[in-house]
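Taking it in order: structure first as structure tokens, then the write-up.
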Amino acid sequence: MSLEAEIARRRTFAIISHPDAGKTTLTEKLLLFGGAIQTAGAVKSNKIRKYATSDFMEIERQRGISVATSVMAFDYKGVHMTLLDTPGHKDFAEDTYRTLTAVDSVVLVVDAANGVEEQTERLMEVCRMRDTPVMIFINKMDREGKDPFYLMEELEKKLNIRVQPLTWPIGMGRRFKGVYNLKKRELNLYAPNKTRIADDIFTLRDLKHPLLDEKLGEDAAHRLREDVELIEGVYGAFSPEPYLKGELAPLFFGSALNNFGVQELLDVFVEIAPPPQPRWTEQRLVLPTEPRLTGFVFKIHANLDPRHRDRIAFFRVCSGKFERGKFYYHVRLGQELRFSNPTSFMAQQKSVIDEAWPGEVVGLYDTGNFKIGDTLTEGEELRFKGIPSFSPEIFKELTNLDPLRTKQLDKGIRQLTDEGVAQLFYLQPGQRKIVGTVGELQFEVLQYRLEHEYGARCRFVPLPIYKAVWISCSDSKSFERFSRAKAGQIATDKEGRPVFLAPSAWMLQQAEQDYPEIRFHKTSEF
Ligand code: G4P
């Protein structure tokens, strides 16, 4: 098959949700459809626990398992799907944000009863930042939830995106009777836990048909006719263009647990979701059809076995063909590297692969060469954009409890922050190490891993910092003036870029007002 044909039949996406909305359950149902797993429960039993815990075995377990389910590849109707998992726990949100840089589209799961929740909003903000096409699955229609019209309004308002329903629910909770496929004009009747689909699907070109009253009862049939008339009047025919531009989200209703309404989503997904897209580097736009390999590392995971400190780097192929054993250029290091055991994640089994195409994710065994955001090419100096670090929200100073192991601690904290577990800043004088994270859980993970993987004991001392924001300024005099005024609050990140450690929201705002010539950035990419 040609490179173009390989690209055209690939879809790389992520499912995102506020914890508990049903991401794991939906993932499992998609894998069932794709034949990647045979029984329900396979993903579930591996489920990453969502609640903060001090149980370190649990943290270890989570890390191990998330390697296994981080990337799930399966085929559906001749389309090769790569589904990237995102952790549900909010303390790992940054991991999720970075994973979103490696996908071409997203499925957002929303709980019909809870509507838009905090995590939903934040995740959508990240999608909106890069105009990632999004489909929305309103889950748990088998439970009492919010009115679908109300939900649509809430989605549009809070997520700042237009929505267009492609299926429409008939009742909900105990009155839930099924969904009407607005696109195909089909009625899919609800039976809890159904495993077969075809038997209960009726094609109804004409909603006035008495069959509708017979199947749904008069009241529900009447309401459906009204709803559909209203929706068709407002939205008209569906066209994929605004979806592909990230301006409109197709909307589906169903129940992941009961495997209901999922196939409708999947069928539309394989039909309209974008294949691997062009991607910007700092130098130029890279097209997936270019014959030479390019790609970037979006995630690094330490292996479970602490005796071998090797890691897996998750590499997204952006153009060309990745081949086993071939030398590739590691742009940041300026070195040629070759990979003798690249792995794929088909059906959750890690197996060595010989080649990979744009959109696919390859697992590269790494002994410390990779950092998140690293680019591989066939010689060209390119650096992919769009792998930002976000302002952390919790800050602690790392103090060494064992001076004889200083070197190990330094190495450990550098390597772990390369994995994106947390961000490291240096504060002068004394090269103090300030660690910033988006959640408390990361400090526990760090402390545990520093001790068990690097033999370094440490303590984290909380600091009264509100936010770390990157700063830039074209005028060196103004910059100096600001640095002098804020001495003790200016640190550098690992790349040596200056960062303002704002003690409070008010002081950050004040600084923005007092120093208009300084630019303050909430992500490291500007
Ligand atoms: P998450 O990955 O987004 O965190 O959500 P997950 O799929 O784990 O689902 C969270 C809970 O919601 C689970 O129940 C799951 O069974 C339930 N759920 C998912 N989809 C549906 C649905 O369509 N209808 C209903 N009624 N429930 C649904 P749990 O009690 O937390 O877990 P479990 O004991 O079932 O494993």
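What you see is a predicted model, and the numbers here were worked out from it, not measured in a lab. Order of listing sets the numbers, starting from 1, for every ligand and every atom in it.
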Where ligand 1 meets Ser255 - atom numbers and elements under 4.0 angstrom, heavy-atom basis: 22 (C), 23 (O), 24 (N)

Atom CD of Glu393: over 12 foreign heavy atoms under 6.0 Å: yes

Atoms in ligand 1 flagged as close to Thr24, the criterion being non-hydrogen separation under 4.0 Å: 1 (P), 2 (O), 7 (O), 8 (O)

Atoms in ligand 1 flagged as close to Pro19, the criterion being non-hydrogen separation under 4.0 Å: 4 (O)

N-O pairing of Lys396 and Glu440 below 4.0 Å: yes

Proximity winner for atom 12 (O) of ligand 1, if only heavy atoms of Lys29, Gln119, Lys140 are counted: Lys140

Distance-only N or O hit between ligand 1 and Leu257, under 3.5 Å: yes

Within-4.5 Å side-chain heavy-atom neighbours: Ile16 and Cys127: yes

Whether over 12 other heavy atoms sit under 6.0 Å from Phe149 CZ: yes

The one among Thr25, Asp142, Asp111, Asn139 that brings a heavy atom closest to atom 7 (O) of ligand 1: Thr25

Polar contact flag for Arg143 and ligand 1 (N/O pairs, less than 3.5 Å): yes

Acceptor/donor pairs from residues 233-247 side chains to any protein atom, 3.5 angstrom cut, sequence neighbours excluded:
residue, atom, partner, partner atom, Å
Ser239, OG, Glu241, OE1, 3.1

Close-contact set for ligand 1 against Ser17 heavy atoms, below 4.0 Å: 3 (O)

Residue Ala256 vicinity, atoms of ligand 1 by number, heavy atom under 4.0 Å: 23 (O)

Check: Met141 N/O within less than 3.5 Å of ligand 1 N/O: no

Over all atoms of both residues, closest heavy-atom pair of Leu364 and Phe315: CD1-CB, 3.8 Å

Please report, to 0.1 Å, the donor-acceptor pairs under 3.5 Å made by any side chain of residues 222-229, with sequence neighbours excluded.
residue, atom, partner, partner atom, Å
His222, NE2, Glu226, OE2, 3.3
Arg223, NE, Asp227, OD1, 3.4
Arg223, NE, Asp227, OD2, 3.4
Arg225, NE, Leu207, O, 2.7
Arg225, NH1, Asp213, OD2, 3.4
Arg225, NH2, Leu207, O, 3.2
Arg225, NH2, Asp213, OD1, 2.7
Asp227, OD2, Trp168, NE1, 3.0

Per-atom contacts of ligand 1 with Lys23, taking only distances under 4.0 Å to non-hydrogen atoms: 1 (P), 2 (O), 3 (O), 5 (O), 7 (O)

Over 12 non-hydrogen atoms of neighbours within 6.0 angstrom of CG in Asp147: yes

